[in-house]
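Reviewing the structure listed below.
Atoms within a ligand are numbered from 1 in the order they appear, just like the ligands themselves.
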Amino acid sequence: MLDCAIIGGGPAGLTAGMYATRGGLENVVMFEKGMPGGQITQSSEIENYPGVTGEVSGMEFMMPWPAQCQKFGLKHEMVAVNRVSKEGEIFKIHKEDGTISQAHSVIVCTGSSPRRAGFAGEDELFGRGVSTCATCDGFFYKGKEVAVVGGGDTALEEALYLAKICSKVYLIHRRDSFRASPNTVERVKNAQNIELILNSIPQEVYGDNMGVTGLLVKGDSGEIRDIKVPGVFTFVGNDVNNQILIQEDDSFLCDVNKHGEVIVDISMRTPVHGLFAAGDMRLSAPKQVVSAAGDGAVAALQAISYVDEKLNS
Ligand SMILES: Cc1cc2nc3c(=O)[nH]c(=O)nc-3n(C[C@H](O)[C@H](O)[C@H](O)COP(=O)(O)OP(=O)(O)OC[C@H]3O[C@@H](n4cnc5c(N)ncnc54)[C@H](O)[C@@H]3O)c2cc1C
């Protein structure tokens with residue numbers, strides 16, 4: 001029986017793990033389906049985490065986090081969790097390998113995943129020229145032309161990253177202005193090899209056996225532009241990873257809002273006693289590393305109080 005099960009090993013889950021173990025919980029396991037680190041490991045650079053002043057990639061930034069947690073006793077099981085249920089006072093963690101772990105408390109930190117842009121050919125060519133991670137795949141297009149789809153901070157930051165590697169970046173956005181921060185927009189506008197294609201929507205990505213060869217883009221007056229590129233990077237938002245909270249009867253274990261975000265109070269508590277949610281997946285999350293880490297700490301402190309009270313009453 002675990003004192004606390006933490007699902008997800010991004011900034012929220014790792015911080016929760018450190019606070020839970022360091023705060024005295026004995027048997028704490030973080031279930032993470034891949035390598036710990038979370039989404040930020042896809043970022044080419046993080047410059048808005050307090051104290052991080054040099055040029056540091058997301059991967060480098062997250063590298064020391066797991067070891068720091070292990071030092072205090074956090075255990076890591078590399079497995080995907082399919083579902084979390086509660087029977088009586090006990091939580092059950094149903095894992096992809098068919099086994100079940102039991103826990104007094106659960107902190108869900110499964111974050112979010114990049115959304116598909118929804119144009120023809122995107123799914124078929126995903127991983128063969130269509131990508132949602134410039135840091136992971138940008139190098140394949142060194143010296144070549146690529147297209148980036150999106151208008152937020154992530155799209156523009158990734159366009160800037162690709163502009164350093166690729167000969168040219170076409171930045172396609174459906175509106176005439178960007179939602180990104182003014183500083184980032186300015187850098188994009190000043191980049192010599194980024195061409196803005198505004199008021200335009202991708203219609204179809206096409207290719208051959210080798211992968212993507214081009215993208216058809218429709219402008220607001222209806223004209224179609226054929227952009228011959230071997231790589232298309234989409235950055236159009238994220239979906240909340242809340243699937244593990246769906247029960248056998250299709251209801252959610254706790255409340256979620258219309259965006260799928262888990263509804264919590266300011267202590268990261270859900271209305272289900274002993275169940276907490278932290279990071280990008282919770283209601284109105286700022287979707288930043290610093291806030292995800294803060295949420296993880298708050299949730300762990302609450303879990304410690306909950307378990308102490310439960311076991312000692
Ligand atoms: C390209 C990019 C650039 C970014 N740049 C910045 C930046 O500069 N500054 C900043 O502050 N933020 C940035 N962010 C946002 C930041 O990465 C997130 O806000 C933060 O990672 C959220 O942390 P989290 O722990 O809530 O979730 P995540 O980082 O999403 O971690 C969730 C973890 O849960 C795991 N998981 C999911 N489902 C399961 C399951 N069923 N079973 C087991 N494990 C599961 C996932 O594998 C993942 O490791 C960026 C994000 C991206 C994608």
From the options Asn241, Asp280, Asp239, Asn238, select the one residue that forms a side-chain hydrogen bond (donor to acceptor under 3.5 Å, both in side chains) with Ser113. Asn241

is_close_aromatic(Phe178, His173), centroid dist under 6.0 Å: yes

Once salt bridge (charged side-chain N to carboxylate O under 4.0 Å, His left out) is applied, do any residues pair with Asp97, and if so which ones, sequence neighbours excluded? none

Under 3.5 Å, is there a donor-acceptor pair between the side chain of Ser131 and the main chain of Asp137? no

One pair per line, please: each N/O atom of ligand 1 matched with every protein N/O atom under 3.5 Å away, atom names first, then the distance to 0.1 Å.
{"unit_1": "ligand 1", "atom_1": "9 (N)", "unit_2": "Asn48", "atom_2": "OD1", "d": "2.8"}
{"unit_1": "ligand 1", "atom_1": "9 (N)", "unit_2": "Asn48", "atom_2": "ND2", "d": "3.4"}
{"unit_1": "ligand 1", "atom_1": "11 (O)", "unit_2": "Gln288", "atom_2": "OE1", "d": "2.9"}
{"unit_1": "ligand 1", "atom_1": "11 (O)", "unit_2": "Val289", "atom_2": "N", "d": "2.8"}
{"unit_1": "ligand 1", "atom_1": "17 (O)", "unit_2": "Ile40", "atom_2": "N", "d": "3.3"}
{"unit_1": "ligand 1", "atom_1": "19 (O)", "unit_2": "Asp280", "atom_2": "OD1", "d": "2.9"}
{"unit_1": "ligand 1", "atom_1": "19 (O)", "unit_2": "Asp280", "atom_2": "OD2", "d": "3.2"}
{"unit_1": "ligand 1", "atom_1": "19 (O)", "unit_2": "Lys287", "atom_2": "O", "d": "3.3"}
{"unit_1": "ligand 1", "atom_1": "19 (O)", "unit_2": "Gln288", "atom_2": "N", "d": "3.2"}
{"unit_1": "ligand 1", "atom_1": "25 (O)", "unit_2": "Pro11", "atom_2": "N", "d": "3.3"}
{"unit_1": "ligand 1", "atom_1": "25 (O)", "unit_2": "Ala12", "atom_2": "N", "d": "2.9"}
{"unit_1": "ligand 1", "atom_1": "26 (O)", "unit_2": "Asp280", "atom_2": "N", "d": "2.8"}
{"unit_1": "ligand 1", "atom_1": "29 (O)", "unit_2": "Gln39", "atom_2": "N", "d": "2.9"}
{"unit_1": "ligand 1", "atom_1": "30 (O)", "unit_2": "Gln39", "atom_2": "NE2", "d": "2.8"}
{"unit_1": "ligand 1", "atom_1": "41 (N)", "unit_2": "Val81", "atom_2": "O", "d": "2.9"}
{"unit_1": "ligand 1", "atom_1": "42 (N)", "unit_2": "Val81", "atom_2": "N", "d": "2.9"}
{"unit_1": "ligand 1", "atom_1": "44 (N)", "unit_2": "Lys33", "atom_2": "N", "d": "3.2"}
{"unit_1": "ligand 1", "atom_1": "47 (O)", "unit_2": "Glu32", "atom_2": "OE2", "d": "2.7"}
{"unit_1": "ligand 1", "atom_1": "49 (O)", "unit_2": "Glu32", "atom_2": "OE1", "d": "2.7"}
{"unit_1": "ligand 1", "atom_1": "49 (O)", "unit_2": "Glu32", "atom_2": "OE2", "d": "3.3"}

Under-4.0 Å salt bridge between Glu77 and Lys95: yes

Steps toward salt bridge (Lys or Arg N to Asp or Glu O under 4.0 Å) verdict (Arg187, Glu157): CA-CA 9 Å; Arg187 283 166 61 210; Glu157 280 167 21; over 6 Å; no

